[in-house]
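See structure below.
Remember, it's a predicted structure, so these values are computed and weren't measured experimentally.
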Amino acid sequence: YHLSPELVDDIRQRVKIRRLDKGELLLVPGKIASHASFILEGLVKSYYIPEDEIAPVVTKFMFENSIITSILSYYSRQPGNEYIEAVEDTLIASLHYNDMQFLFSKHFEFNYIIRVIAEKYLYCLEVEINNRRKPLAEDRYAFFQKHFPYLLQRVALKDIASYLSMTTETLSRIRGK
């Protein structure tokens with residue numbers, strides 16, 4: 001999609017480039033997600049820690065050319081319950097909520113761009129939800145392996161297991177077959 005020079009200028013004035021070190025937290029529970037960030041390089045994960053459990057539950061992995069934020073917190077302007085953590089050194093371009101609202105009101109074309117991004121996000125979310133509904137752990141892992149092979153070497157097995165709703169032992173057994 002071709003962006004008008006005015007929109008490009010307004011985006012450049014408002015977007016902040018930031019480097020996250022591996023393990024650095026971009027968001028913690030109880031805080032409002034004030035930024036949506038486009039991943040230029042690197043990988044992040046989103047997770048929460050249930051009240052009755054010790055182990056975190058990984059909810060998503062986001063990598064290059066993806067947008068990461070706590071959707072619920074960012075759009076409701078309420079504190080969230082998730083962590084967003086850099087899995088590896090990561091370079092992001094962040095846009096504050098207020099700046100996004102400014103771009104929406106000033107540039108009709110920005111609304112179109114964000115709608116297309118939202119459609120892609122919703123499509124991917126539906127695919128992920130359908131995979132998580134599969135009753136067999138082997139099927140969930142096979143799907144992950146087929147659709148996200150580039151993550152297998154970048155993400156810890158315990159995080160993949162958590163994301164796929166299985167124990168690390170189950171994942172190791174499946175991988176050993």
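Interatomic distance, F102 CZ to R14 CZ, rounded to the nearest 0.5 Å: 4.0 Å. To the nearest 0.5 angstrom, Y83 atom OH is 4.0 Å from I49 atom CD1. Residue K120 holds its NZ atom at 5.5 Å from OG of S66, rounded to the nearest 0.5 Å. Put simply, CD on E169 and CD1 on I174 are 11.5 Å apart, with the number rounded to the nearest 0.5 Å.
A distance-only check finds a donor-acceptor pair linking the side chain of T59 to the backbone of S46 [under 3.5 Å]. A donor-acceptor distance shorter than 3.5 angstrom exists from the side chain of E64 to the backbone of G42, with no hydrogens or angles considered.
Relative ring orientation between F148 and F144 is described as tilted, the plane-to-plane angle lying within the 30° to 60° band. Under the 30°/60° scheme for interplanar angles, the aromatic rings of F110 and F104 are found to be tilted.
For the pair I114/L103, no side-chain contact is recorded, criterion being any heavy-atom separation below 4.5 Å from C-beta on. Under the 4.5 Å side-chain criterion, counting only non-hydrogen atoms from C-beta, E88 is not in contact with E41. A 4.5 Å side-chain heavy-atom check between I84 and M62 finds every atom pair outside the cut-off. For the pair Y112/V116, a side-chain contact is recorded, criterion being any heavy-atom separation below 4.5 Å from C-beta on.
The two atoms that bring H147 and P149 nearest to each other are C-CD, 3.3 Å, heavy atoms only. In terms of heavy atoms, L95 sits closest to Y74 at O-OH, 3.6 Å. Annotation for I92 and S94: closest pair CD1-OG, 3.4 Å, computed over non-hydrogen atoms. When all heavy atoms are compared, the tightest approach of K16 to Q13 is NZ-O, 3.8 Å. Considering every non-hydrogen atom in both A55 and P50, the closest pair reads O-CD, 3.7 Å. Contact detail for F63 and L151: the closest heavy-atom pair is CD2-CD2, 4.1 Å.
Note on L91: it does not cluster hydrophobically with L43, by side-chain heavy-atom contacts below 4.5 Å among ILVMFWY residues. I117 is not connected to F61 by any chain of hydrophobic side-chain contacts under 4.5 Å among Ile, Leu, Val, Met, Phe, Trp and Tyr, and they are in different clusters. Under the 4.5 Å side-chain heavy-atom criterion for Ile, Leu, Val, Met, Phe, Trp and Tyr, V57 and L125 are members of distinct hydrophobic clusters. Side-chain heavy atoms closer than 4.5 Å link hydrophobic residues (I, L, V, M, F, W, Y) into clusters, and following such links, even through other members, never connects I71 to Y47. In the hydrophobic cluster analysis, where Ile, Leu, Val, Met, Phe, Trp and Tyr join through side-chain heavy atoms closer than 4.5 angstrom, I68 is grouped apart from V87.
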Listed pairs under 3.5 Å, donor-acceptor, residues 20-36 side chains, sequence neighbours left out:
| unit_1 | atom_1 | unit_2 | atom_2 | d |
| --- | --- | --- | --- | --- |
| E24 | OE1 | D21 | N | 2.9 |
| E24 | OE2 | R18 | NH2 | 3.0 |

Show me the donor-acceptor pairs within less than 3.5 Å that the side chains of residues 3-12 make with the rest of the protein, sequence neighbours left out.
| unit_1 | atom_1 | unit_2 | atom_2 | d |
| --- | --- | --- | --- | --- |
| S4 | OG | L7 | N | 3.1 |
| S4 | OG | E109 | OE2 | 2.6 |
| D10 | OD2 | K106 | NZ | 2.9 |
| D10 | OD2 | H107 | NE2 | 2.6 |

Got a list of side-chain donor-acceptor pairs under 3.5 Å for residues 158-167, not counting sequence neighbours?
| unit_1 | atom_1 | unit_2 | atom_2 | d |
| --- | --- | --- | --- | --- |
| D159 | OD1 | K45 | NZ | 3.2 |
| D159 | OD2 | K45 | NZ | 2.8 |
| S162 | OG | P56 | O | 3.2 |
| S162 | OG | V58 | N | 2.8 |
| Y163 | OH | E128 | OE1 | 2.8 |
| T167 | OG1 | T170 | N | 3.0 |
| T167 | OG1 | T170 | OG1 | 2.9 |

Check: Could you go step by step and tell me if V127 and F143 meet the side-chain contact (heavy atoms from CB on, under 4.5 Å) rule?
Finding: CA-CA 10 Å; V127 168; F143 180 91; 3.2 Å; yes

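Comment: E119 engages R115 in a salt bridge, judged by a side-chain N to carboxylate O separation of less than 4.0 angstrom.
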